[in-house]
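Structure first, commentary second.
Residue numbers begin at 1 in each chain, while the letters A, B, ... track the order of the sequences. When reading the values below, keep in mind they use all heavy atoms of this one structure, side chains included, and skip hydrogens, waters and symmetry mates.
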Amino acid sequence: DTGVSQNPRHKITKRGQNVTFRCDPISEHNRLYWYRQTLGQGPEFLTYFQNEAQLEKSRLLSDRFSAERPKGSFSTLEIQRTEQGDSAMYLCASSLVFHEQYFGPGTRLTVT
Amino acid sequence: TQLLEQSPQFLSIQEGENLTVYCNSSSVFSSLQWYRQEPGEGPVLLVTVVTGGEVKKLKRLTFQFGDARKDSSLHITAAQPGDTGLYLCAGAVETSGSRLTFGEGTQLTVNP
């Protein structure tokens, strides 16, 4: 059974650069979620896909953030013109049943 | 806005002791999940509770969902160093899409 995978695991970038993260969900899961977690806090919801449709976005997802899930399989999260405040762990989760979400290992972003 | 408050925020105990972590809200949740997270990794799902008053056991861990589905507790019996980690509760409300609302977590350290 393959779990949720995320790449890269770590990303260091300079302020103003664009970054893209990838998430591969569990194969039969039709729902995919992105969360952001900062040190000492629980994860915060960013956005949610059911198949290829992006159904919900948090206010945290500013205009610099965009997420896609082409063909309802893997998903990408892009951050344009990164800021130091974007430094965080970006977590992807997938589910078949709406409330049971299984998380990937996360991508740790550091903006210098 | 649904909020989940966890207590205590930090807990340091000796091996063999018992402990309880609490997760409280003024909101009603359709379900509540408990996760455990290691440093640098994503949260791992431990249990899901959906029925008010429900009790689930996972080896030495006992999870309870409050009768009104507003609160939950996690009790660990005879804690072991391997139980060390960040414990997160997360609630889901079916009518608000699929987002999970997380508490801030309880950092548990079990000393040998």
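For chain A, no part of B:Val44 is nearby; none of its heavy atoms comes within less than 4.5 Å. Contact annotation for B:Gln33: only side-chain heavy atoms (C-beta onward) come within less than 4.5 Å of a heavy atom of chain A. Proximity to chain B (any heavy atom under 4.5 Å) is restricted, for A:Leu91, to the side chain, taken from C-beta onward. Proximity to chain B is limited to the side chain of A:Gln37, based on heavy atoms less than 4.5 angstrom apart. Contacts between B:Leu88 and chain A at a heavy-atom distance below 4.5 Å involve the side chain alone, from C-beta outward. Of the atoms belonging to B:Gln107, not a single heavy atom falls under 4.5 Å from chain A. Proximity to chain A is absent for every atom of B:Leu32, based on heavy atoms less than 4.5 angstrom apart.
Side chain to side chain, A:Arg31 and A:Tyr48 meet the donor-acceptor criterion of an N or O pair below 3.5 Å. Checking A:Glu78 against A:Thr76 by side-chain atom types alone, no donor-acceptor pair falls below 3.5 Å. Side-chain polar atoms of B:Thr20 and B:His75 form a donor-acceptor pair below 3.5 angstrom.
Of the listed residues (A:Arg108, A:His10, A:Met89, A:Gln41), the one with the most heavy-atom contacts under 4.5 Å to chain B is A:Gln41.
Annotation: cation-pi pair A:Arg22/A:Phe74 present, NZ/CZ under 6.0 Å from the ring centroid and within 45° of its normal.
Between the side chain of A:Asn18 and the backbone N or O of A:Arg81 there is at least one donor-acceptor pair closer than 3.5 Å.
Atom OH of B:Tyr22 has 12 or fewer heavy atoms from other residues, nucleotides or ligands within 6.0 Å.
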